[in-house]
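Numbers for residues simply follow the sequence, beginning at 1.
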Amino acid sequence: MLTRILPGLLAGVLAAGPAAAETTLRIMSYNVWGGGGNEGKGIEETVAVLRAADADIIGMQETRLEPEGCTAESCAAVGESVAKSIAEALGYHYYDQTQENPALWANAILSRYPIGPASEHDLGVPIEVNGTTVWAFNIHHDDEPYQPYQLLGIEYGPAPFIKTEAEAQDWANRTRGAAMDLLFSDISAAGDAAAVLVFGDFNEPSGLDWTEAAAATGQQPAKVDWPTTGRLLSAGFVDTYRAAHPDPVAKPAYTWTPQGDETDPEDHHDRIDFAFAKTDGLTVVNAWIVGETGPRTDMAVDPWPSDHRATLAEIRF
């Protein structure tokens with residue numbers, strides 16, 4: 001059926017011109033656990049994961065090795081970063097984040113697209129995506145003290161055990177607040193970028209997961225509105241996995257850990273790896289937990305080479 005367009009409306013349509021082209025990206029946060037090196041392996045299994053995910057921009061954590069005698073209180077990265085060799089295997093650009101500060105532990109950013117100079121505290125880089133500037137930030141927060149363990153009475157470092165949501169929030173802010181201040185300082189460098197992405201091993205859960213409903217089922221020990229991811233949500237960032245899968249009871253999305261039994265009283269499985277995005281007109285097309293074949297994985301790659309599962313999302317803006 002033909003539709004009649006009034007002359008005034010037609011003039012407006014012609015003046016508007018073609019709509020701006022949309023940008024679609026697959027973005028990934030992946031703690032590579034030394035890229036195989038902590039188990040005496042090469043990078044091949046890690047490269048296979050990244051090829052299967054087909055991500056355009058990847059925030060990688062733990063690109064160097066854990067030292068012998070790594071403890072909760074002392075675990076400085078050793079050896080060379082695997083970022084360069086992984087990027088070369090994929091044909092990607094890369095940037096090793098080598099500055100020493102509370103928000104980094106052997107981090108690197110890989111990209112299908114060219115990467116520009118880093119922000120002041122080495123936490124982010126601009127990436128030119130077909131003429132559109134996107135900033136990618138990538139962090140690795142401190143895991144000690146680890147508040148889920150403090151709440152559950154699990155020994156890990158010298159921090160005291162705690163009982164309440166307020167105590168958990170206080171300890172989380174003390175543990176990661178300074179690093180988040182550095183992140184927000186660097187995010188200011190993004191200016192009017194078309195999109196801002198934040199990847200990371202946060203070593204802290206999300207309030208979108210530790211809900212009243214999750215606590216009622218026993219999935220989490222309590223309701224906690226965790227402050228570190230909360231700062232990003234308050235600043236307008238979108239947790240891409242929860243945008244695609246909003247029910248944490250139906251989709252717990254544990255990234256820590258594919259190793260061990262979920263009923264082990266000396267651990268607590270949780271989602272601590274995130275891919276956030278902030279942009280006008282954001283659509284999260286889909287999101288996946290990438291890991292070993294099993295009930296906690298949306299996209300399976302075997303053998304799985306890390307002690308973390310990865311977070312992958314497809315976004316459009």
> Under the ring pair (Phe, Tyr, Trp, His ring centres under 6.0 Å) rule, collect the residues that match up with Trp33, sequence neighbours excluded.
none
> Looking only at atom types and distance, does a side-chain atom of Ser206 sit under 3.5 Å from a main-chain N or O of Leu208, one as donor and one as acceptor?
yes
> Could you tell me which residues satisfy side chain to side chain contact (heavy atoms under 4.5 Å, CB included) with Glu262, sequence neighbours excluded, listed by chain and number?
Tyr254, His269, Arg296
> Quick test of your reading: applying ring pair (Phe, Tyr, Trp, His ring centres under 6.0 Å), list the pairs with at least one residue in residues 67-97, sequence neighbours left out, ordered by first then second residue.
none
> List the atom pairs, donor and acceptor, that lie under 3.5 Å between side-chain atoms in residues 180-204 and the rest of the protein, sequence neighbours left out.
{"residue": "Asp181", "atom": "OD1", "partner": "Arg231", "partner atom": "NH1", "Å": "3.2"}
{"residue": "Asp181", "atom": "OD1", "partner": "Arg231", "partner atom": "NH2", "Å": "3.0"}
{"residue": "Asp186", "atom": "OD1", "partner": "His121", "partner atom": "N", "Å": "3.2"}
{"residue": "Asp186", "atom": "OD1", "partner": "His121", "partner atom": "ND1", "Å": "2.8"}
{"residue": "Asp186", "atom": "OD2", "partner": "Ser119", "partner atom": "OG", "Å": "2.6"}
{"residue": "Asp186", "atom": "OD2", "partner": "His121", "partner atom": "N", "Å": "3.0"}
{"residue": "Asp186", "atom": "OD2", "partner": "Leu123", "partner atom": "N", "Å": "3.3"}
{"residue": "Ser188", "atom": "OG", "partner": "Ser185", "partner atom": "O", "Å": "2.4"}
{"residue": "Asp201", "atom": "OD1", "partner": "Asn203", "partner atom": "N", "Å": "3.1"}
{"residue": "Asp201", "atom": "OD2", "partner": "Asn31", "partner atom": "ND2", "Å": "2.9"}
{"residue": "Asp201", "atom": "OD2", "partner": "His140", "partner atom": "NE2", "Å": "3.3"}
{"residue": "Asn203", "atom": "ND2", "partner": "His141", "partner atom": "O", "Å": "2.7"}
{"residue": "Glu204", "atom": "OE1", "partner": "Arg176", "partner atom": "NH1", "Å": "2.8"}
{"residue": "Glu204", "atom": "OE1", "partner": "Thr228", "partner atom": "OG1", "Å": "2.6"}
{"residue": "Glu204", "atom": "OE2", "partner": "Thr228", "partner atom": "N", "Å": "3.0"}
{"residue": "Glu204", "atom": "OE2", "partner": "Thr228", "partner atom": "OG1", "Å": "3.0"}

> Whether the side chain of Thr297 engages the backbone of Glu292 through a donor-acceptor N/O pair (distance < 3.5 Å, no angle test) should be reported.
yes
> Scan Asp143, Thr71, Asp267 and name whichever one has a side chain to side chain donor-acceptor pair (under 3.5 Å) with Tyr156.
Asp143
> Is any NZ, NE, NH1 or NH2 atom of the basic residue among Lys223 and Glu165 found under 4.0 Å from an Asp or Glu carboxylate oxygen of the other?
yes
> By salt bridge (charged side-chain N to carboxylate O under 4.0 Å, His left out), which residues pair with Arg26, not counting sequence neighbours?
Glu314
> For atom CD of Glu128, is the number of surrounding heavy atoms from other residues, nucleotides or ligands below 6.0 Å larger than 12?
yes
> Tell me every residue that passes side chain to side chain contact (heavy atoms under 4.5 Å, CB included) with Leu152, counting only those two or more places apart in sequence or in another chain.
Ile154, Pro221, His268
> Would you say the side-chain atoms of Asp170 pair up with the backbone N or O of Ala166, donor to acceptor, closer than 3.5 Å?
no
> When the side chains of residues 241-249 are checked against the rest of the protein, which donor-acceptor pairs come out under 3.5 Å, sequence neighbours left out?
{"residue": "Tyr241", "atom": "OH", "partner": "Asp298", "partner atom": "OD2", "Å": "2.8"}
{"residue": "Arg242", "atom": "NE", "partner": "Asp209", "partner atom": "OD1", "Å": "2.7"}
{"residue": "Arg242", "atom": "NH1", "partner": "His245", "partner atom": "O", "Å": "2.6"}
{"residue": "Arg242", "atom": "NH1", "partner": "Lys251", "partner atom": "O", "Å": "3.2"}
{"residue": "Arg242", "atom": "NH2", "partner": "Asp209", "partner atom": "OD1", "Å": "3.1"}
{"residue": "Arg242", "atom": "NH2", "partner": "Lys251", "partner atom": "O", "Å": "2.7"}
{"residue": "His245", "atom": "NE2", "partner": "Ala287", "partner atom": "O", "Å": "2.9"}
{"residue": "Asp247", "atom": "OD1", "partner": "Val249", "partner atom": "N", "Å": "2.9"}
{"residue": "Asp247", "atom": "OD1", "partner": "Ala250", "partner atom": "N", "Å": "3.4"}

> According to salt bridge (charged side-chain N to carboxylate O under 4.0 Å, His left out), who are the partners of Lys278, at least two apart in sequence or on a separate chain?
none
> Should Pro126 and Ile115 count as side-chain neighbours, where that means a heavy-atom distance under 4.5 Å?
no
> Restricting to side-chain hydrogen bond (donor to acceptor under 3.5 Å, both in side chains), what partner residues turn up for Glu39, sequence neighbours left out?
none
> With sequence neighbours left out, which residue pairs that include part of residues 214-240 fulfil the ring pair (Phe, Tyr, Trp, His ring centres under 6.0 Å) condition?
Trp210-Trp226
> Tell me the side chain to side chain donor-acceptor pair (under 3.5 Å) pairs involving residues 101-110, sequence neighbours left out?
Gln99-Asn101
> For the pair Thr175 and Asp142, evaluate side-chain hydrogen bond (donor to acceptor under 3.5 Å, both in side chains) and give the outcome as yes or no after the intermediate values.
CA-CA 7 Å; Thr175 305; Asp142 200 343; over 6 Å; no
> Glu167: what forms a salt bridge (charged side-chain N to carboxylate O under 4.0 Å, His left out) with it, not counting sequence neighbours?
none
> Could you give me the CA-CA distance, side-chain angles and deciding distance for Trp135 and Phe276, then say whether ring-ring contact (aromatic ring centres under 6.0 Å, His included) is met?
CA-CA 12 Å; Trp135 271 81; Phe276 285 90; over 10 Å; no
> Could you tell me whether the side chain of Trp304 reaches within less than 4.5 Å of the side chain of Val290, counting heavy atoms only?
yes
